[in-house]
*Asks:* 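There's a structure below that I have some questions on.
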There are 2 protein chains.
Amino acid sequence: MKSVEKHNKILVSATKVFAKKGFFNARISDIAKEAKVADGTIYLYFNNKFDILISVLEEEIGKIIEQIQKAIKKETDPHKMLTIFVHKHLAAMKQNKNLAEVIHIELRQSDKLVKEYRNKTFKQYIDLISEIIRLGQEQHIYRKEIMPGIAKRAFFGALDEVSRVWTETSTSSYSLEETTEQVLSLFLFGMIERRD
Amino acid sequence: MKSVEKHNKILVSATKVFAKKGFFNARISDIAKEAKVADGTIYLYFNNKFDILISVLEEEIGKIIEQIQKAIKKETDPHKMLTIFVHKHLAAMKQNKNLAEVIHIELRQSDKLVKEYRNKTFKQYIDLISEIIRLGQEQHIYRKEIMPGIAKRAFFGALDEVSRVWTETSTSSYSLEETTEQVLSLFLFGMIERRD
DNA sequence: GGTAGATGAATGACTATTCATTCATCTACT
DNA sequence: AGTAGATGAATGAATAGTCATTCATCTACC
């Protein structure tokens, strides 16, 4: 097995173990066992336990973020951009449940390095939303009363919590499509019934 | 100092330390120092470290939840109920920042006992939202296409993430009133501009 | 002088990390 | 092609440090 593959195998195993037990309750030996390598081997690929977590965040989440950013930048219509954002985000969360769980749990950690990561890469991600909203406001599509700085958080928080349903229940529950549609419809049209 | 007071003092100190360092990085000696008692004294009031966390969740958050539930049950108008929910939730989060941070971080933990708590008390709290939405749908105030099971999560997730702004920034940032108004307006009317 | 409550040093369990050793694979010389 | 020697990836037992928890002792009040 090539060196890169082993690095990746440890990363995937770590994601699985972190998702199940949480970072602090995860043992290096758990990760080693899951990856079918010796404890010591882990240290040939990562500096320490924390470095593994940071790598999971950086590499795994980074891929998703980059992919979504790229897809959005091809569009100019705010509605379509938001649709892409919601759909891709939820799809990624539903597809990789271990990673989703690590995001839900570990990205909250109060550790300095984790906060740093959250502040850097993650802020950039969330700011995509406020930029789209501002764009929509300039085009008179979205209400000018909306404050993008608050709305971006509400929007992301909603996505984050909604996607949790897939990590915490084993039953099929809501489908990706209906969830996407619901969240979009909620934020675009609101809850109030209107007479045409 | 009476026994009850000391219990409470330890609880408040623990909340502060958990907020700053997170549960796993918090030392019993940190909590003891913060509460100005000896390490051993903690064990006269709590069974173990984890019991302290659970007590923080049960007692501190419990108070807030109960208070909000009570206030809502006095109302019958869905709009007013939601307004109360949003305002009281955000007010509580802004007022007690340490507790807010513990909620943001520790309620996510993958530990069995924490999950149990989340599933029990917390579900009940979130379900308040879906009940209000259903009520509004019956009264033809809210769109019938909205799925309360998804909307309740989106709603709570939004509140949760929005309130984080107060725990992570030291600057005054958004006021309680404008945040409440923004979130409500967002969920009720959506983002789309309409011509009357 | 008896007791409830408080103290904090000592204990011991737990685990991240290290490193001496192994061994499969490669190199280069005959 | 066969072999001696070199390489460094992989191993996992041993180490070393950290803390939650305990408990012998103390304090202060009745």
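In this text, all values refer to a predicted model and were calculated from it rather than measured experimentally. Convention: sequence-line order gives letters A, B, ...; per-chain numbering from 1.
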*Asks:* Given atom CG of Asn48(B) and atom C1' of dA20(D), what is their separation to the nearest angstrom?
*Replies:*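 Checked: the CG to C1' distance equals 9 Å.
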*Asks:* Which is it for Gln109(B) and Leu53(B) under the side chain to side chain contact (heavy atoms under 4.5 Å, CB included) test, yes or no, and what are the steps along the way?
*Replies:* CA-CA 11 Å; Gln109(B) 252 204 52; Leu53(B) 176 61; 3.6 Å; yes
*Asks:* So does Glu193(A) pair up with Arg143(B), basic N to acidic O under 4.0 Å?
*Replies:*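 No, this pair does not count.
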*Asks:* Are OP1 or OP2 of dA6(C) and a side-chain N or O of Tyr45(B) less than 4.0 angstrom apart?
*Replies:*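 For Tyr45(B), the contact criterion (side-chain N or O under 4.0 Å from OP1 or OP2 of dA6(C)) is met.
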*Asks:* Rounded to the nearest Å, what distance is computed from the CD1 atom of residue Ile42(B) to the C1' atom of nucleotide dT21(D)?
*Replies:*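 So the CD1-C1' distance, Ile42(B) to dT21(D), works out to 12 Å.
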*Asks:* How many whole angstroms separate atom CD1 of Ile28(B) from atom P of dC23(D)?
*Replies:*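 Ile28(B) atom CD1 is separated from dC23(D) atom P by 17 Å.
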*Asks:* Let me check something: do Phe189(B) and Leu184(B) share a hydrophobic cluster, defined by ILVMFWY side-chain heavy atoms less than 4.5 Å apart, either directly or through other members?
*Replies:*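 Both belong to a single hydrophobic cluster.
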*Asks:* Using whole Å, report how far NZ of Lys36(B) lies from P of dG8(C).
*Replies:*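 Rounded to whole Å, this separation is 14 Å.
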*Asks:* dT18(C) C1' sits how many Å from Asp39(A) CG, rounded?
*Replies:*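 Taking CG of Asp39(A) and C1' of dT18(C), I get 12 Å after rounding.
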*Asks:* Find the distance Leu44(B):CG to dC26(D):C1' and express it as a whole number of Å.
*Replies:*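 Taking CG of Leu44(B) and C1' of dC26(D), I get 14 Å after rounding.
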*Asks:* Atom OH of Tyr43(B) and atom P of dA24(D): how far apart are they, to the nearest Å?
*Replies:*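 So the OH-P distance, Tyr43(B) to dA24(D), works out to 17 Å.
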*Asks:* Which listed nucleotide (dA16(C), dA6(C), dT11(D)) is nearest to the side chain of Thr41(B)?
*Replies:*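 Taking heavy atoms from C-beta onward, the closest nucleotide is dA6(C).
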*Asks:* Measure NZ/Lys49(B) against P/dC14(C) and give the value in whole Å, please.
*Replies:*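 So the two atoms are 16 Å apart, to the nearest Å.
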*Asks:* Using OP1 and OP2 only, check whether a side-chain N or O of Arg27(A) sits under 4.0 Å from dC14(C).
*Replies:*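 False: Arg27(A) side-chain N/O out of range (4.0 Å or more) of dC14(C) OP1/OP2.
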*Asks:* Between Lys6(A) and dA10(D), does any side-chain N or O lie under 4.0 Å from OP1 or OP2?
*Replies:*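 Yes.
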*Asks:* Look at the rings of Phe23(A) and Phe50(A) and say which category their plane angle falls in: under 30° parallel, 30 to 60° tilted, over 60° perpendicular.
*Replies:*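 Aromatic pair Phe23(A)/Phe50(A) classed perpendicular.
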